[in-house]
Amino acid sequence: MKKLGALIAFLFILAHVKAADFDITKYGAIGDGTTLNSQAIQKAIDACYKSGGGKVIIPAGKFLSGTIALKDNVTLYLQKDAVLLGSIDLKDYQNLDPFTEGLGIDVGWALLVAVDVKNIGIEGEGTIDGQGSAIKAKHILTDTRPEGQRWGLRPFLVRIVRCTGVTVKGVTLKYAGAWTSHYFQSKQILIENVKIQSVGVAHNDGIGIDGCQQVRIKDCDVVSGDDALVFKTTSSLMACKDIEVSGLRLKSSQAGIKIGTEFIADFENIKITNCHIYDTKNGGIKLLTVDGAHLRNVLISDITMDEVKTPMLFRLGSRLNVFRKNTETKKPTGTFENVVIRNVKAKAADQAQLTPPSGILITGVPGHDITNLTLENIEITLAGGGTAEDSRKVVPEAIDQYPEVKTFGPKIPAYGVWARHVKGLKLINVKFNLGTNDVRPALVCEDGKDITVNNWTLPETKGAEAIIRLENVIGASVNGITVKGEAQALVRVEGAKSASIKVAKNNASSIKKEVENIK
C-alpha cells in the first residue's frame with residue numbers, strides 16, 4: 001500500500017510538472033480587436049493538448065476570433081481585462097455538431113466549442129463577448145428571410161458537447177449571437193461564479209443544460225434576453241439528472257427557471273435552491289414536459305421573485321416534437337410526477353401577459369394528469385382586478401401547442417391557483433395578497449383527484465361567487481382556510497363527477513355558505 005501511495009503521489013507531481021501555460025500571443029495572437037486570431041488561438045490549444053494539458057492563457061487585450069475548439073485536459077484561462085471577442089462575420093464560424101432546436105431551426109454554430117473531450121475548463125477574470133447585436137446587424141443586410149428562419153446561423157457563445165469533467169468558473173459571458181452557453185450530453189460539470197449579460201438579439205438563453213448529468217451550478221448572476229436557466233433534452237439518448245443549483249440571481253425577458261420546452265429524454269433528481277428571480281417578463285418558474293419525457297423527483301425551494309409577470313407554470317402536454325429528426329422518433333405523452341416547490345415568496349408584476357394577473361397555472365391534458373405536485377409555504381402578491389366574467393373564463397386545452405403562459409391566456413378564472421387534469425395535488429401553507437379587489441376564486445380546480453388544500457391565508461375580497469371552486473373533482477380535503485370579506489360560498493362544488501369533498505376547520509365566518517353543491 002505504501003508503494004502504491006508513493007506511485008500515485010509521484011504521478012500527481014509528474015502531471016503537474018508537465019502541465020504548462022501557453023500564452024496565445026506566443027502563437028501569433030494580437031489583441032487589437034481587429035486581427036482575426038482563430039488560427040493562433042487554436043494553435044495554442046493544440047500545443048497545450050499535445051504536451052499533455054495545461055492552461056491556454058488569454059492575456060489583457062481584445063482578441064477577435066471565430067470558432068475555436070478545446071481539447072482534452074486544456075483550460076482556457078482569461079486573465080483580467082482579457083476579452084475573447086467574437087467575429088461578426090458568419091463565415092468565421094463552424095458547426096461541429098448540428099441539430100434542430102424546438103422551433104424547427106437548424107443550429108449549432110459557436111464561438112468556443114468542445115466536442116467529445118474530457119477535463120476541460122473556461123476560467124479566469126476575463127470576458128467572452130459574442131457581439132450578438134453586431135452579428136445580427138451585418139447578417140440581415142444579406143439574408144432577407146424572416147427572422148424566425150435566419151437566426152439559427154448565428155453562433156452560440158459557449159458550446160460543450162458530450163464532454164466529461166467541465167469547469168466554467170469566474171468568467172463573464174456577454175452578448176451571444178444565439179444561446180449563451182449550451183451544455184449537451186455532458187457529465188461532471190461545475191459552473192461557478194459566472195456572470196452572464198446576454199441581451200440584444202432573440203434566443204439569448206443564459207445557461208442551457210441539455211441532457212447532462214452530475215451538474216453543479218453555484219453563485220452565478222444571469223441577465224438574459226431569453227430563459228435565464230433552462231434545462232432541455234433535445235436528444236433521447238441521455239436524461240437530465242443529478243443536478244444541483246444554488247445561489248443564482250436571474251433576470252430574463254422570458255423565464256427565470258425553466259425545465260422543458262425541448263424535452264424528449266427524462267428529467268429527474270434535480271434540486272434548485274436559494275435563488276432570486278427579478279424583472280422577468282414571462283414565468284418565474286416553468287416546469288414543462290410536452291414531448292414525451294418523464295419529469296420527476298424535482299425539488300425547488302427558497303426562491304424569491306420581484307416583478308415577475310407570472311410566478312409559476314406547470315405543464316404536461318402532448319406536442320410530441322422531435323429535434324434530431326434523422327435519428328429520433330416521436331414518443332407518446334410523458335409524465336409529470338413527484339415535484340415539490342417549497343418556500344417561495346413572489347411579487348408578481350402588475351402588468352402581465354395574463355390580464356388580470358394570476359399566480360400559478362397547473363395543467364395536464366385529458367387522460368394525462370400532473371401527479372403528486374406539492375406546493376408548500378408559498379406567498380404571492382398580485383395586482384387583483386378580476387371580474388365575475390373573468391371567473392368563468394374557459395381555458396383552452398392547447399394539447400399539442402408550444403407550452404407558454406400566453407397559450408392559456410389572456411384570462412385565467414382564478415387569481416391564485418388554476419389547476420386542471422391533476423392528481424395528488426397538495427397546496428399547503430399558501431398566502432395570497434391583492435392590490436385591489438378580485439372576485440375570481442383564489443383556487444379553481446378542474447378534473448382533479450385527491451386534492452389537498454390546507455392552511456391558506458387569503459385577502460379580504462367582496463362580491464365573489466366562491467373563494468374556492470372545484471369542478472369534477474373526486475376526493476378533496478379543504479382545511480384551515482382563513483379568509484375575510486364577502487362571498488356566496490367558501491367552497492363551490494360543481495360537475496356531475498364531483499364526489500368525496502371534505503371541508504372542515506376553516507375560519508371564514510363572513511362567508512355565507514361553507515360548501516355549496518351545484519349539480
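In what follows, every heavy atom counts, from backbone to side chain, and hydrogens, waters and symmetry copies are set aside.
- Taking 4.0 Å as the cut-off between side-chain N and carboxylate O, E494 and R392 count as a salt-bridged pair.
- Scored by the side-chain hydrogen bond (donor to acceptor under 3.5 Å, both in side chains) test, H139 finds D143, R154 as partners (sequence neighbours excluded).
- A donor-acceptor pair under 3.5 Å links the side-chain atoms of S252 to the main chain of D226, judged by distance alone.
- Among D438, I412, V417, the single residue meeting the side-chain contact (heavy atoms from CB on, under 4.5 Å) criterion with S358 is I412.
- No hydrogens or angles considered: a donor-acceptor pair under 3.5 Å links the side chains of Q488 and K512.
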side-chain hydrogen bond (donor to acceptor under 3.5 Å, both in side chains) evaluation trace for D210 with T234:
CA-CA 7 Å; D210 184 351; T234 58; 2.7 Å; yes
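- Panel note: side chain R342, backbone L375; no donor-acceptor pair is recorded below 3.5 Å.
- With hydrogens and angles ignored, the 3.5 Å screen pairs no side-chain donor or acceptor of S246 with any backbone N or O of D219.
- In this structure, V168 and L190 have side chains that are not in contact, with every pair of non-hydrogen atoms separated by 4.5 Å or more.
- Between K286 and E404 there is a salt bridge, since a side-chain N of the basic residue sits under 4.0 Å from a carboxylate O of the acidic one.
- Checking S498 against E471 by side-chain atom types alone, no donor-acceptor pair falls below 3.5 Å.
- More than 12 heavy-atom neighbours from other residues, nucleotides or ligands sit within 6.0 angstrom of CD on E514.
- Contact check on D450 versus K423 returns no salt bridge, with no Lys/Arg side-chain nitrogen under 4.0 Å from an Asp/Glu carboxylate oxygen.
- Judged by the 6.0 Å and 45° rule, K232 forms a cation-pi pair with W179.
- The salt bridge (Lys or Arg N to Asp or Glu O under 4.0 Å) search around E397 returns R420, not counting sequence neighbours.
- The only option from L287, V344, V340, V339 that meets the side-chain contact (heavy atoms from CB on, under 4.5 Å) definition with I300 turns out to be L287.
- Using a 4.5 Å heavy-atom threshold, the side chains of D266 and L295 count as separate.
- N204 CG to I196 CD1: the interatomic distance, rounded to the nearest 0.5 Å, is 10.5 Å.
- For the residue pair E328 and S235, a side-chain donor N or O sits within less than 3.5 Å of a side-chain acceptor on the partner.
- Between K195 and D221 no salt bridge is recorded (no basic side-chain N to carboxylate O distance below 4.0 Å).
- N343 and S301 form no side-chain donor-acceptor contact under 3.5 Å, judged by distance and modelled atom types alone.
- The distance from the CD1 atom of I341 to the CD atom of E376 is 11.5 Å, given to the nearest 0.5 Å.
- Residue C212 comes nearest to Y183 through the heavy atom pair SG-O, 3.1 Å, listed as atom of the first residue, atom of the second, then distance.
- Closest approach of T407 to P396, counting heavy atoms only: O-CG, 3.6 Å.
- When only modelled atom types and interatomic distance are considered, T482 and T457 share no side-chain donor-acceptor pair under 3.5 Å.
- If you check the side chains of N433 and E379, you find a donor sitting under 3.5 Å from an acceptor.
- Between Y278 and H276, the ring-plane angle classifies as parallel under the 30° and 60° cut-offs.
- Taking all atoms of both residues into account, the shortest heavy-atom contact from P413 to V444 is O-CG2, 3.8 Å.
- Side chain of N506 to main chain of I481: a donor-acceptor pair is present (N/O by atom type, distance under 3.5 Å, no hydrogens or angles).
- Between F336 and F314, the two ring planes are perpendicular [angle over 60°; tilted spans 30° to 60°].
- Not a single donor-acceptor pair under 3.5 Å links the side chain of S224 to the backbone N or O of S198.
- L443 contributes atom CG, which lies 10.0 Å from atom OH of Y415 (distance to the nearest 0.5 angstrom).
- Under the 4.0 Å criterion applied to side-chain N and carboxylate O atoms, D97 and R162 are assigned as salt-bridge partners.
- Annotation: Q351, atom CD; neighbour count of heavy atoms from other residues, nucleotides and ligands within 6.0 Å does not exceed 12.
- Between the CG atom in L354 and the CG atom in D390 there is a gap of 11.0 Å [rounded to 0.5 Å].
- Using modelled atom types, no side-chain atom of T280 and backbone atom of N282 make a donor-acceptor pair closer than 3.5 Å.
- Listed for the T233 side chain is a donor-acceptor partner under 3.5 Å among the backbone atoms of A265.
- Proximity of a side-chain donor or acceptor of N437 to a complementary backbone N or O of K462 within less than 3.5 Å is detected.
- Between R296 and E268 there is a salt bridge, since a side-chain N of the basic residue sits under 4.0 Å from a carboxylate O of the acidic one.
- Using a 4.0 Å cut-off between charged side-chain N and carboxylate O, E516 and R492 make a salt bridge.
- Side-chain atoms of K331 come within 3.5 Å of backbone N or O of I264 as a donor-acceptor pair.
- Judged by distance alone, with hydrogens and angles left aside, the side-chain atoms of R159 form no donor-acceptor pair with the main-chain N or O of V115 at under 3.5 Å.
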Candidate pair E446 and N472, rule side-chain hydrogen bond (donor to acceptor under 3.5 Å, both in side chains), full reasoning
CA-CA 6 Å; E446 307 169 23; N472 293 309; over 6 Å; no
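- A 6.0 Å sphere centred on NZ of K218 holds no more than 12 heavy atoms belonging to other residues, nucleotides or ligands.
- In this structure, CD1 in I209 is found 11.0 Å from CD1 in I259, a value given to the nearest 0.5 Å.
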Go through D369 and H421 one step at a time and tell me if the side-chain hydrogen bond (donor to acceptor under 3.5 Å, both in side chains) criterion holds.
CA-CA 5 Å; D369 294 336; H421 310 311; 4.8 Å; no
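- Residues V107 and W151 approach most closely at CG1-CH2, 3.8 Å, considering heavy atoms.
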